[in-house]
Structure formats: structure tokens, C-alpha cells
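Residue numbering restarts at 1 for every chain, and letters A, B, ... go by the order of the sequence lines. These figures come from a predicted structure and were not determined experimentally.
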Amino acid sequence: MEIASKYNPIDTEDKWYAYWTENGFFKSVPDEREPYTIVIPPPNVTGVLHMGHMLNNTIQDILIRRARMQGKNACWVPGTDHASIATEAKVVERLRTQGVEKSSLTRDMFMRHAWKWKEEHGGIILEQLKKLGASCDWSRTCFTMDNVRSSSVIKVFVDLFNKGCIYRGVRMVNWDPKAQTAVSDEEVNYKEVQSKLYYLKYYVSRDDNPAEPSGAYIVIATTRPETILGDTAVCVNPNDDRFRHLAGKRVLVPLINRSIPVIEDDYVDMEFGTGCLKITPAHDINDYEIGIRHNLESIDILNNDGTLSEKAALFVGEDRFAVRSKITESLRESGNLVKVEDYVNKVGFSERTDVPIEPKLSMQWFLKMKELAKPALDAVMNDEVKFHPSNFKNLYRHWMENVKDWCISRQLWWGHRIPVYYLADGSFVVAETDAEAVNAARIKTGNNELTVADLRQDEDVLDTWASSWLWPVSVFDGFNPDNREIDYYYPTNDLVTAPEIIFFWVARMIMAGYEYRGTFPFRNVYFTGIVRDEQGRKMSKSLGNSPDPLLLIEQYGADGVRVGMLLCSPAGNDIRYKDSLVEQGRNFANKIWNAFRLVKSWKVSNDIPQPESSTIAVNWFANRLQHEMRQIDDLFDKYRISEALMAIYTLFWDEFSSWYLEIIKPAYQQPIDGKTYAATTGFLDDLLRLLHPFMPFITEEIWHHLAKRKAGESIMMSPMPQPKPFDEQLLQQFEKLKEAITFIRTIRKDKGISFRETLELFVLKGDDGYNATFNPVLEKMGALSLITEVSSKVENTVSFFVKSSEYFIPMASSINVEEEMAKLNAELQHAESFLESVMKKLNNERFVSSAPEKVVATERQKQADAEAKIKALRESIAKL
RNA sequence: GGGCGCUUAGCUCAGCUGGUUCAGAGCAUCUGGUUUACACCCAGAGGGUCAGCGGUUCGAAUCCGUUAGCGCCCACCA
């Protein structure tokens, strides 16, 4: 069979993915095995795969595949999030391109459009995950708005309401004028913008007639001149002598000449602007608070869409930003505009629609967080829920200790409608269904004639996160009592997510877990970093700096991309994406492929004895493999997944390919002995299993080439090799052998001696650094014709040390004495200064008396080694 | 403004409870290579006052203090 010299992932990936799904390998049902569960952070149903998903889901797949191979009942639950604002915005957008305004539709009509949109786009991202190799149990795919998840959300709302945790109130909220909904604090991004500071004259009212200006005026500075129409006071600092004379006076709002009081409040910064602040309680959070303190009226001059309302009196119906420039002109004309300065300030933008947020008063539903937060805070602080890396604990604590009530209502249609039903008199009942609501209303009013028509359900829906915070419970239908699934799979094991949503999501899931299951929702949280571009910028659609993940998979193979993403991304660290990373991943896949090709190409003969060098190599690599497996286990325990990959990477590339295979490789067109061959395919099999979680496709492909497999057999269902004890000393000795071989290669290169030309080697054995039992390997790898142990130095040679053993290679051509001298002298100097530093310690009585015995002993060993080496070097120099 | 974290090779980062894992890895660089598995490769090499300063200690990349630079989170000045 001819096998291509380059691994071609395209040929294999789809084939194996289909094989895995057809055989139901991803499926999980509760059984007697230990469960290992991950719930996917549900991507937005509107989303397409980006590099962040690639990293995140690669890690989840590695964890789940490893667990599966370790014999656990691995269950990775996929799903999508309805993402109410983001999705609704997209649907509105699409309708608009079709000439339909949302306002012209009924709620039902709109929802039909939205569901249609979901059916068309909802599955895309999950299909893309399959290309990556994600081994999710697709039969469990959930959606935050499907029946089970929806009823869970409603149940929880009713329950929390009945517990007194949910209340309704007028609050200042972040209003998104484009989506026309409140958004949470976490969904507001503050950005620095180049804006202007407008200095405006407010004339002081005449004492006898507040509606008339006196001659005096004060100047206030504002970045938002359009909001003067909603001003209800001007405020100065009570300690500000400049404005003492204004106490108790009134001023006139420019243009509309409404008379407003001058008040005093410590909040005002005397240093900033003019020291005078205009107060617009309806449109600024601080002004709102001052307004409450001073009993000011609130004039809401904005409509929900960001245009000015009737209450503004001027520019009614025009957009706030259009008004800003218009009103500036008006103020200039009226003489109220003193000056305009350039100014940089921060403005809140909606994360969803990217339009400037308006602080706005409105009636919303809130969830009290304090009590819920308590157990969730403790769980993380005492490591019941472990964060990786742990430094996110601080951040978490800070937030949880200062947690604010959660505004859970959104003025949207796409989402879970708030299960609150109003009666004609404005009172309300809370119930899971219409029927229950009618019941409750009848009981409440004592009127048994009430029907559903007498009730009006709240128009708002719940915040998206009000469904995602239940995800680890709701995906197993955990709000239904007597449910085997939730009992078996919950709590889940690991959550892999981005630190950006630690509060949105992680914290709240932990709260919900304790509230509804009495325990944590997951044991470990692995925080991935943000994938950035080469210049360190966040990848974003608008910058266009994100590669298309599917294209990358096409070019480099899913295995290559997975390896590339992971290679330099320790937990919590941002990764800088470069194509060279996935290139490295692809190259590694190719290396594996070619190692396999080499092994596969050998003819096996059971008639020839195993060469000594092969016996040594097999024994060494068997131990090496165990050592590395122990290491890998340890790294996984610590969630150092990229380091675990690196360990396997070097194990395969350096140890297995460059050393082991080179040692056992038979001469050209010669067969290999059966014993070595069997050991080698055994090693390869182990290596493939270790690699499988990281590189599922190529390992499956090779595993099937390696031996005849039964139908329905798969590497992904085969057991992960378990580490056994190994000979540490053998490994150390072998490293010294490698060192000697490297020296010989270096000498060849320095002296321009081809590898084909065999050399002789003499060894003056010291305490350490030479082991004659390895000679067959030394001979083969060094291309030596003869190894001779000697008892004194050999003349006309180039020499080197490994530990205290000295090696000599005779040179046919004469030795360059000067060059050798220089080399030896440099080495001598190095050894002497080393000895000096060692002696400094050993001559220090306090070191000898206070350092542990072990440390002192190693220092003494260093001393002995160095002294022996110096002696030998001196002799060599003398000889030259 | 409040809080947290970072600074180790050209780049990206390991380095855990101070001492043989102590100055490391990968990539990049340089040199050599038609050794039939792989040039997506092989062999070899160079490269770092562990940000600066001070302290604790027999001993500091590691602990403490401090300065500088960078990053993140929270709150936000009109």
C-alpha cells in the first residue's frame, strides 16, 4: 500500500466524524459508571463560529475525550442560547430590509418571524463545531427557549417571586434606544469618545418674578446640551464661596425660560468645569440621586427610541443627536452659548446594538441577589468550586461582596415572557400558566367569574441570563422532581468559559446551583483567554482581523488547528493568534503521519535476533513513556492542558521520533526483528491514545491503519494507558548517553566530518557520565567503529566531558592546537568559577550548619565533579 | 478615583512550598545537510544582571518593601 508522504486531513476528518456519530460514541445515558459531565457554554443562536469558540470548545473536547477514554461515562451537552437582544435585533433588521417595521406587527406575528429565523440560522454554529471534532452528545441538544428550558425559567421566576426575592420598581436603568429595552450594567461598554464641553449661560431669575431674568447669570458646563430641556435644578457645592450669593435663588433654563432652583450638594466637584452643575434627574444616574435627595421633579424628555418627547417642549420627535447640534445653534443665537471646548469623555454603549446608552427611569423587575450570593461566594472561596487559574477568585469575591440587584426584565418580545398577570385594578398575580393565573386571580379577588380575558400578561421578557444561569440544571430537566438524569449527571465536572462572563454567567450559575440543587453546578471552572490578533487586538468583526475558522480547518486540518490554538494558551492567558501556530499544529500532524509511515514500511522478520541497541532503546522508551504519562496526568490534574500537550508533543517528536525510531531503524531495505517491531507498534498505539483527545482525527486514522480493527472499534472508545512505575535512574543515564552522542555530532560538524565516515572513540571513565551497557546505541548513533575504554588520556584527539567521564576522538588530520587550547581554557575557566561559587557556599559555616543535609551533599558532589574535571582539563592542556 | 494582576531569550510564555528541574520550553534566528519516514524535515549553535533599587536569609527569578512601565476589572466628573 502506498501511503502519501503528506498527511491530508480533508480525506479523513469527515469520514471519522460520521463513523463516530453513526456508532453513537458521543451518546451518554446514565449507568453504573462514574459520570463526567460538561455543559457547553451555549453560543448565541445567531452566532457563527469564531476563534474564541474554537479554543473554548477544543479544550472541552479534550477534557471530555480524555474522560471517556478513562472509562467514565462522558457526557457533553450542547445547545444554543436564544440571546434575546442580539437575536431580536437581527430579526428586526431582517424585517426592515423586507420593508416591515416591528411596530407594525403584533407580538405573535413577530414571534413567528423570529422562530423562523431561528430555524434557519440556529443550527449553523453547532454544525461548525462538528468540523472541529466536538464530541457532544447531539441527541441532547438544548435551546434556552425550548419547552423544558422555558418552563424551567418560568418555574424559577414564580418560585423566587413567592420567596419574596423578586420585586418591581422604578429605577434608573441603562436604556438601549435602538433595541428599545433596558440592559444590565454588564451589557454596557464604556468607550472614550471625542466630544465637546458646552459652556452655557443660565440667567438668574428676578427675585420678584421668577419667570423674568435679572441681569446676572451663571455658566454651567455640559456635554449634553440637549438635556437642558429636562433640567430641574442647578447645583453648586455648598463650600464654594463663588456661588454663595446664589443660595436660594432660581435660574432660567435657556430657550424655554423655565425657572428652576439653585441647590447645594457635596457631589459637585468645585474644580471641574465652572463648578456649576445642571441637574437632569431623568437622564443621569447621579442627577437622579441628587434629585431624590433634594426632592426634585423628573422631566423625562426622551421617547423610548431616543427622540425628544412632548415634555421637552422643543425639537419634539427629533433624535437626541440631531437635537444636540440644533440646540447648540439655538443657544448660540440666543446668546446663551459662551464657548465650546474639545473634550474626551467616556460614554456607555450598548454591547448588543453599539448605540449610546441613555440612563432612563423605568418600571422594571428586579431579583434580590444578596442572599443568593452568599453560598456562591463561599463555594468559590473555599475551593468547593475551583477556579483555574485561581487568581480569578479575587475578582469574583469583589463582585459578589458588592453584588447589586439584578434587573431581569427586558422590553423585548424574543424571550421568556414574564409570568405576571395584571388585573384591571393594576394588582397582579404570578403564575406558571394562564390557567393557574386565572385561578390565582379568582382566589385573590374572590370573583369566580374571572377569565383569562380579564388578565393582561406583562409585556416584558426576561433577561437572557435568567435562562442561562439555570443551564447546568435545566439541560437535565432538573426542575422536574424525581428525575434520574439530574441525579446522575449533576453536579457537572468542568466548565470552560471566558473570564468576561464570570459575573453574567458563572457566578449566577453557582447561585442557582445552590438555590435549586443545594450544591455547586460544577467542580472546576477553566477560564480561557481572549484570542487576539498578532498586534494584541481583540478579534472582532468590525476590525476584520479574525480568520475564518472553517477556512483554517480546511487549510490546516482540525487537528492542526486544535493543536495550534492550544499550544500557547495556558489557562487565563490571552493568546495571540498567528498562522504560524496552526502551521505548527499541521506540521506536528504530518510528523505523526510520517513516523507511522516509517513503522508501517518495515518488513518484519521473526528469524533475526533483536539487535542489542534495540533492546536498550525499547527498554529506555518504555520507561520514558511511563515517566511522561505520569507527567501528563499531573498536568491534567492541574488543568495545565497546553503544557500537557507540549509534553506529548516533545515526547512524540523528540524522544520517540528523533531518538527511539532512529536507534531501532533497520538499515536500508533490511527487515526489522519481530520483537522490536511489536514493541514499537505498542508504543505507537500508546502514543496515539495519549494524543487522541488533542488530535482526534489523525489518531483514529492511524490507529485503524496500525492493526486490523473490528467493525465499530474506535480509538476514542479504547482505554487511556495508565502510568506504571518506571526506572528513574535509567532515564537519567540515558540522558547522559544522549549528551555524549550530541557532543560527537557537534565535533563532526565542527570538523566537517561526514556522518558516513565512522569514527573511533576512547573513553576515560569517571564516576558518572559513561555507561558501557549503552555502547551499542552509542556506536550506532555516533557512527562509531570502535569504543575503547582507556585508563589515561589519548593523544591527538578532540575530547569532551560528560560529567566526570572524558571522551576522546582521534583525528586523522592534525589537531589545531591553538583552537583546542582555547576551547579547553574556556572550559577550564568555566569549571573554576563554578567551583569557586560552590566553595563559597561550602566554606560558609552557616550554610553547612543551617542548610538541609541533602543540599549540602549535592554541593559536595558538585565540588568533587568540578575538581575532577579541572584536574583532567589541566592535564589535557599540559599535554597540548 | 478604588481594586487586582503582570514585567524572565527577538516573540509567546513555564518556572508550584526559597536550595539539582534554576536560569527553562516552543517559535523565530544562524550554520550545516539529496543519511529514501517526514524540507510541513534532519543535525548543530548562539541568545537572558529573571524591569530598577533596597531588605529578609547561610542562600532570592522565587519572600517583603519601593520605583517605573504595562494590562485587566469596578466606579465614574458634568
Side-chain angles (χ1 to χ4, degrees), chain A residues 3 5-7 185-186 190 197-198 220-224 227 235 267-269 271-280 284-287 343 345-346 348 389 391-399 402 499-500 502-503 530 534 536 556 560 567-570 572-576 578 580-581 583-602 638 640 642-643 646-647 649-650 653 657-658 661-662 665 668-669 732 741-743 745-750 752 754-756 783 840-842 844-852 854-859 861-862:
Chain A
I3 305 171
S5 74
K6 281 198 170 46
Y7 172 62
D185 291 344
E186 287 79 14
Y190 285 88
L197 199 52
Y198 301 85
I220 58 102
T222 180
T223 53
R224 304 202 54 191
T227 62
C235 190
Y267 170 78
V268 178
D269 179 356
E271 306 298 318
F272 189 88
T274 60
C276 267
L277 177 63
K278 69 185 207 62
I279 305 296
T280 321
D284 182 282
I285 181 71
N286 296 303
D287 291 9
Y343 183 68
N345 67 342
K346 283 186 184 169
N391 42 324
F392 284 111
K393 280 166 79 173
N394 277 330
L395 186 66
Y396 179 85
R397 188 186 60 207
H398 187 254
W399 192 75
N402 298 289
E500 302 160 296
I502 187 167
F503 310 130
I530 296 165
E534 225 165 317
Y556 298 95
L567 271 174
C568 81
S569 55
N573 274 40
D574 288 359
I575 85 164
R576 286 196 185 206
K578 290 184 276 190
S580 68
L581 289 171
E583 238 167 65
Q584 196 185 342
R586 176 202 59 188
N587 295 355
F588 184 43
N590 199 48
K591 184 71 190 179
I592 298 167
W593 183 249
N594 275 290
F596 152 70
R597 273 180 70 221
L598 174 67
V599 173
K600 193 75 186 168
S601 72
W602 289 331
K638 293 174 178 153
R640 300 180 175 212
S642 57
E643 284 179 56
M646 188 47 76
Y649 181 95
T650 51
W653 201 309
S657 300
S658 297
L661 288 180
E662 291 302 329
K665 194 193 239 175
Y668 183 50
Q669 290 198 328
Q732 279 176 19
I741 293 166
T742 301
F743 267 118
R745 286 171 176 167
T746 311
I747 288 166
R748 279 181 187 279
K749 186 169 183 253
D750 286 353
S754 144
F755 196 78
R756 291 184 168 162
K840 209 168 146 192
K841 280 190 196 171
L842 286 171
N844 183 339
E845 263 174 54
R846 298 184 65 187
F847 169 73
V848 179
S849 57
S850 31
K854 214 178 93 190
V855 175
V856 178
T858 60
E859 289 302 317
Q861 183 60 48
K862 278 185 197 169

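Look at the C1' atom in both B:rA14 and B:rA23: the space between them is 12 Å, to the nearest Å. Between the P atoms of B:rC6 and B:rG65, the separation comes to 13 Å (whole Å). Comparing the P positions of B:rC58 and B:rA68 gives a spacing of 32 Å, expressed to the nearest Å. Taking atom C1' in both B:rG59 and B:rU20, one finds a spacing of 15 Å when rounded to whole Å. Taking the P atom of each, B:rC11 and B:rU56 are spaced 34 Å apart, rounded to whole Å. Nucleotides B:rU66 and B:rC4, compared at atom P, are 13 Å apart to the nearest Å. Between the C1' atoms of B:rG44 and B:rU35, the separation comes to 15 Å (whole Å). Only the C1' atoms considered, B:rU8 is 16 Å distant from B:rC70, to the nearest whole Å.
A glycosidic torsion no more than 90° from 0 defines the syn conformation, and B:rU49 adopts it. Nucleotide B:rU31 carries an anti base; the chi torsion (O4'-C1'-N9-C4 or O4'-C1'-N1-C2) is more than 90° from 0.
Judged by Watson-Crick or G-U wobble contacts below 3.5 Å, the nucleotide B:rG18 has no partner. Summarising the base pairing, B:rC13 is matched to B:rG24 through a Watson-Crick or G-U wobble pair whose two defining distances lie under 3.5 Å. The pairing partner recorded for B:rG54 is B:rC64, the criterion being a Watson-Crick or G-U wobble arrangement whose two distances lie under 3.5 angstrom. In this structure B:rU35 sits in no base pair that meets the Watson-Crick or G-U test at under 3.5 Å. Nucleotide B:rG44 is matched to B:rC30 when pairs are restricted to Watson-Crick or G-U wobble geometry with both distances under 3.5 angstrom. Across all strands shown, the partner of B:rC72 is B:rG3, judged by Watson-Crick or G-U wobble contacts whose two distances both fall under 3.5 Å.
Going from atom CG of A:L581 over to atom P of B:rG26 covers 15 Å, rounded to whole Å. Residue A:Y649 contributes atom OH, which lies 14 Å from atom C1' of B:rU12 at whole-angstrom precision. Counting to the nearest Å, the P atom of B:rC4 and the CH2 atom of A:W399 are 19 Å from each other. A:R640 has its CZ atom 13 Å from the C1' atom of B:rA25, to the nearest Å. Rounded to an integer number of Å, the gap from CD of A:E859 to C1' of B:rU20 is 9 Å. Atom CD1 in A:I502 sits roughly 12 Å away from atom C1' in B:rC4 (whole-Å rounding). Note: NZ (A:K393) to C1' (B:rG5) measures 16 Å, nearest angstrom. In this structure, the CZ atom of A:F392 is 12 Å from the P atom of B:rC6, given to the nearest Å.
Nearest heavy-atom pair, A:F503 versus A:Y396, reported as atom, atom and distance to 0.1 Å: CE2-CA, 4.2 Å. Residues A:T274 and A:A221 share a closest heavy-atom pair of OG1-N, 3.9 Å. In terms of heavy atoms, A:S5 sits closest to A:N594 at O-ND2, 3.1 Å. Contact record, A:F847 with A:E859: CZ-CG, 3.7 Å, taken as the closest heavy-atom pair. Scanning all heavy atoms of the two residues, the minimum distance from A:R224 to A:K278 falls at O-CE, 3.9 Å. Taking both residues in full, the closest heavy atoms of A:V599 and A:L661 are given as CG2-CD2, 4.0 Å, listed atom of the first, atom of the second, then distance.
Annotation: of the two residues near RNA chain B, A:K638 and A:F743, the 5′-most nearest-nucleotide partner is A:K638. Both A:R745 and A:A221 sit near RNA chain B, but only A:R745 has its closest nucleotide nearer the 5' end.
Using a 4.0 Å heavy-atom cutoff across all strands shown, A:V268 reaches at least one base atom of the nucleic acid. Residue contacts shown for A:D269 include a base, since a base heavy atom lies under 4.0 Å away. Here A:L395 lies in heavy-atom contact (under 4.0 Å) with sugar-phosphate atoms only. At a threshold of 4.0 angstrom between heavy atoms, the contacts of A:Y396 with the nucleic acid are absent. Residue contacts for A:D287: at a heavy-atom cut-off of 4.0 Å it reaches no nucleic acid atom on any strand shown. Within 4.0 Å (heavy atoms only), A:T274 reaches no atom of the nucleic acid at all.
The side chain of A:S580 contributes no N or O atom lying less than 4.0 Å from OP1 or OP2 of B:rA28. In this model, the phosphate group of B:rC77 is not approached by any side-chain N or O of A:Y343 to a distance below 4.0 Å at OP1 or OP2.
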With B for base contact, S for sugar-phosphate-only contact and - for none (protein heavy atoms under 4.0 Å), nucleotides 31-41 of chain B reads BS--SBBBSBS

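Ring geometry for A:W653 versus A:F588: interplanar angle under 30°, hence parallel rather than tilted (30 to 60°).
Side-chain atoms of A:N590 do not come within 3.5 Å of backbone N or O of A:R586 as any donor-acceptor pair.
Considering only the side chain of A:N394, B:rC4 comes nearest among B:rU12, B:rC4, B:rA78. The side chain of A:T746 sits closest to B:rA45 out of B:rA45, B:rG26, B:rC77.
A:L277 places a side-chain heavy atom less than 4.5 Å from the side chain of A:Y267. For the pair A:F392/A:P499, a side-chain contact is recorded, criterion being any heavy-atom separation below 4.5 Å from C-beta on.
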